[in-house]
Amino acid sequence: MKISGLLTLFVLIIIGCSKEENNPRAETILIKGKLTSLTKGAAGSKGTFVDILDSKKVMIFYGNRYDLSEIKDGTFSAAAEVGGATALVFLDGSNRFIGNLFAGGLNILPLNKLEDGQIEIDLQNLTMDGTRVIPSHDPIGDEINISEEEAVRYREIGAYYESLAKNIDADNDGIPDILNKKDLRITSHFSVTGGKWGINNTPPMQFDALNLNINYQVRIEGNISLAPTNGLQVKFEGPSDGPYTDISQNRYVADKDCFIAFFRRGPQQQQGNGGLPFSKGIYTFSIENQSFTLNYSNIDAKYYLVIASPTLHTNNEGMITSVTIEYKLPDNRIVDPEDFVTILQLQFRKKDGTSLGVGSLYEAVETNRRIKDIKNITLDTPFSLSDLSELGVNYNDFLGNEYDVNWRGNQ
């Protein structure tokens, strides 16, 4: 897979990324458990032994976001989003990492594979083996069924959540950032040129997987309370063990709820190399005179990259009325999108420069952002096919990473 070519992108961002009470979540499932004294010692930072009973909070991840739930009398009960993947990380009273849930050989629970109608997972008694928190009831193979191929993929991404857990206190003031609305979320942004869209009975043009161009960026989202007075007053530097010299800000957007800053590597030019990958490691994100330490896990695009291939459907007047989408791996194998995609957005760019968005990756109001059927989308406002210039089929994966697959017609 070749990595080259800075893509010419169009982006219509409907931003409203509040994660607080005004953002109703998708369907949730209750996850609960009871802590039981360790069975094998876990070495602490000063040669002491850490006990699972030292846990005071559990972090429930969903995508790149998380909630904190108190552990009371050794038990906890917390909600996670159905349809994605989640991880449970246990913290002591000083918010230090104790361990993470390890079930079925995985560091995550792929809730997209949950049995229909399941509303609760009771992990029952939890003990420790090193930093692994082992449940007496293993939901993998019971409430959650996965193939061996899927298990291999989930094992590869398990370290992602361990990295995110280290970002709980990015400003290093000893207080979890989410408690004072100062939390930052760091993910990856991938852009791909998909080819030519299909029209009615003509399928989308096949693409050359070996020469698939991927443009890489880092995406940092934060609460609006942290936003700079000037969008140019943000900086991203690192990794600490070998800082890049070619990082630059690519975009910055903000509204009443949050801000998002995008950073890229490579020369700033319309043609040629650009959008190079970032290595995993510790980075510094600066806002005016504030500095934050962020751990970045560079999950490779290959794990969740599917080419969302659109076919436009028109009526007798040549008006686009709907879009069907087929999801393929880079080797052209058709896959079920529920194994990869959580949120979908379509961006139609017209020849007159105006844009039409269906769904949103960023909108705070859940009913506005969700496309319920990500294979068949009906347009509320049909428009002429002859007016269409470009189509972006964009989605988020289970980890909160964003993929933009851009298509053109024959013109």
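Because only heavy atoms are used, hydrogens play no part in the values below, and waters and symmetry mates are left out as well, while side chains stay in. Here the structure is a predicted model, which is why all the values come from computation and not from measurement. All residue numbers refer to positions in the sequence shown, counting from 1.
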Colleague: Using only heavy-atom distances, determine whether the side chains of Thr75 and Asp73 contain a donor-acceptor pair under 3.5 Å.
Modeller: no

Colleague: Name all residues meeting the side-chain hydrogen bond (donor to acceptor under 3.5 Å, both in side chains) criterion together with Ser55; count only those two or more places apart in sequence or in a different chain, and write none if there are none.
Modeller: none

Colleague: Do Asn394 and Gln347 have side-chain atoms, one donor and one acceptor, less than 3.5 Å apart?
Modeller: yes

Colleague: Can you classify the ring geometry of Tyr395 versus Tyr403 as parallel (below 30°), tilted (30 to 60°) or perpendicular (above 60°)?
Modeller: parallel

Colleague: For the residue pair Phe76 and Phe90, does the interplanar ring angle fall in the parallel (under 30°), tilted (30 to 60°) or perpendicular (over 60°) class?
Modeller: perpendicular

Colleague: So, using side-chain hydrogen bond (donor to acceptor under 3.5 Å, both in side chains) as the criterion, who are the partners of Gln118 when residues are at least two apart?
Modeller: none

Colleague: Begin with the C-alpha distance, continue with both residues' side-chain angles, and end with the deciding distance and a verdict on ring-ring contact (aromatic ring centres under 6.0 Å, His included) for Phe348 and Phe383.
Modeller: CA-CA 10 Å; Phe348 299 89; Phe383 67 95; 5.5 Å; yes

Colleague: For the residue pair Phe262 and Tyr252, is the inter-centroid distance of their aromatic rings smaller than 6.0 Å?
Modeller: no

Colleague: Quick one: side chains of residues 227-239, donor-acceptor pairs under 3.5 Å with protein atoms, not counting sequence neighbours, listed by atom name and distance.
Modeller:
{"from": "Thr229", "atom 1": "OG1", "to": "Gln233", "atom 2": "OE1", "distance (Å)": "3.2"}
{"from": "Thr229", "atom 1": "OG1", "to": "Glu288", "atom 2": "OE2", "distance (Å)": "2.7"}
{"from": "Asn230", "atom 1": "OD1", "to": "Leu232", "atom 2": "N", "distance (Å)": "2.8"}
{"from": "Gln233", "atom 1": "OE1", "to": "Asn230", "atom 2": "N", "distance (Å)": "3.4"}

Colleague: Mind checking side-chain hydrogen bond (donor to acceptor under 3.5 Å, both in side chains) for Ser240 and listing every partner two or more places apart, or none if nothing turns up?
Modeller: none

Colleague: In plain terms, say whether Asp246 and Arg265 are close enough for a salt bridge, that is, a side-chain N and a carboxylate O under 4.0 Å apart.
Modeller: yes

Colleague: So, using salt bridge (charged side-chain N to carboxylate O under 4.0 Å, His left out) as the criterion, who are the partners of Glu143 when residues are at least two apart?
Modeller: none

Colleague: What residues, two or more places apart in sequence or in another chain, satisfy salt bridge (charged side-chain N to carboxylate O under 4.0 Å, His left out) together with Lys113?
Modeller: Glu150, Asp339

Colleague: Sort out for me which residue in His189, Gln217, Gln345 forms a side-chain hydrogen bond (donor to acceptor under 3.5 Å, both in side chains) with Asp404.
Modeller: His189

